[in-house]
*Asks:* 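There's a structure below that I have some questions on.
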Amino acid sequence: MERKEQLIKDIQNLLNSYDGIRPTSINSDLLQFMDEKTLIDTIDALLTQKEKNSVSDTEWLEQFKTNS
């Protein structure tokens, strides 16, 4: 069970890593029914989303650099 608890904490930390968003607290009882693969897939999806947002933000900022 320890590994699943760490994965749940990792998901919560990823959700809380966005600036300007109120902290998220996940009731681990709600996620206990998920297996490790599902939790890892959730982490992967959050990391992919975070990466896409970062690229999008960089592209948006670059337009000001080239237009200055």
Side-chain angles (χ1 to χ4, degrees):
M1 189 64 80
E2 186 176 306
R3 174 139 166 91
K4 283 180 69 172
E5 289 173 0
Q6 182 59 51
L7 291 170
I8 291 167
K9 286 180 184 176
D10 291 344
I11 291 170
Q12 184 169 299
N13 289 337
L14 278 168
L15 290 171
N16 289 327
S17 67
Y18 290 93
D19 292 333
I21 296 181
R22 286 189 333 185
T24 299
S25 178
I26 298 174
N27 182 341
S28 60
D29 292 340
L30 296 174
L31 298 179
Q32 291 300 325
F33 71 93
M34 293 182 168
D35 61 11
E36 285 187 25
K37 182 185 179 328
T38 303
L39 293 171
I40 291 170
D41 289 346
T42 301
I43 291 171
D44 287 342
L46 288 169
L47 288 171
T48 299
Q49 179 182 359
K50 192 166 184 73
E51 183 178 320
K52 285 181 183 176
N53 287 345
S54 178
V55 169
S56 177
D57 290 347
T58 301
E59 290 172 353
W60 181 78
L61 288 171
E62 283 294 318
Q63 76 179 351
F64 296 107
K65 181 178 174 183
T66 57
N67 290 334
S68 296

*Asks:* How would you list, by chain and number, every residue that makes a side chain to side chain donor-acceptor pair (under 3.5 Å) with Asn16, sequence neighbours excluded?
*Replies:* none
*Asks:* List for me each residue that meets side chain to side chain donor-acceptor pair (under 3.5 Å) alongside Ser17, sequence neighbours excluded, and say none if there are none.
*Replies:* Lys50
*Asks:* Which distance, rounded to the nearest 0.5 Å, do you find between the CG of Asp41 and the CD of Glu36?
*Replies:* 11.5 Å
*Asks:* For Leu46, check side-chain contact (heavy atoms from CB on, under 4.5 Å) against everything at least two apart and list the hits.
*Replies:* Ile11, Leu14, Leu15, Thr42, Gln49
*Asks:* Say whether Thr38 and Asp35, considering side chains only, have a donor N or O and an acceptor N or O under 3.5 Å apart.
*Replies:* yes
*Asks:* Do any N or O atoms from the side chain of Lys4 and from the backbone of Leu39 form a donor-acceptor pair under 3.5 angstrom?
*Replies:* no
*Asks:* Mind checking the CD1-CG spacing from Ile43 to Leu7? Nearest 0.5 Å is all I need.
*Replies:* 4.5 Å
*Asks:* With Asp44, which residues qualify under side chain to side chain donor-acceptor pair (under 3.5 Å), at least two apart?
*Replies:* none
*Asks:* With Asp10, which residues qualify under side chain to side chain donor-acceptor pair (under 3.5 Å), at least two apart?
*Replies:* Gln6
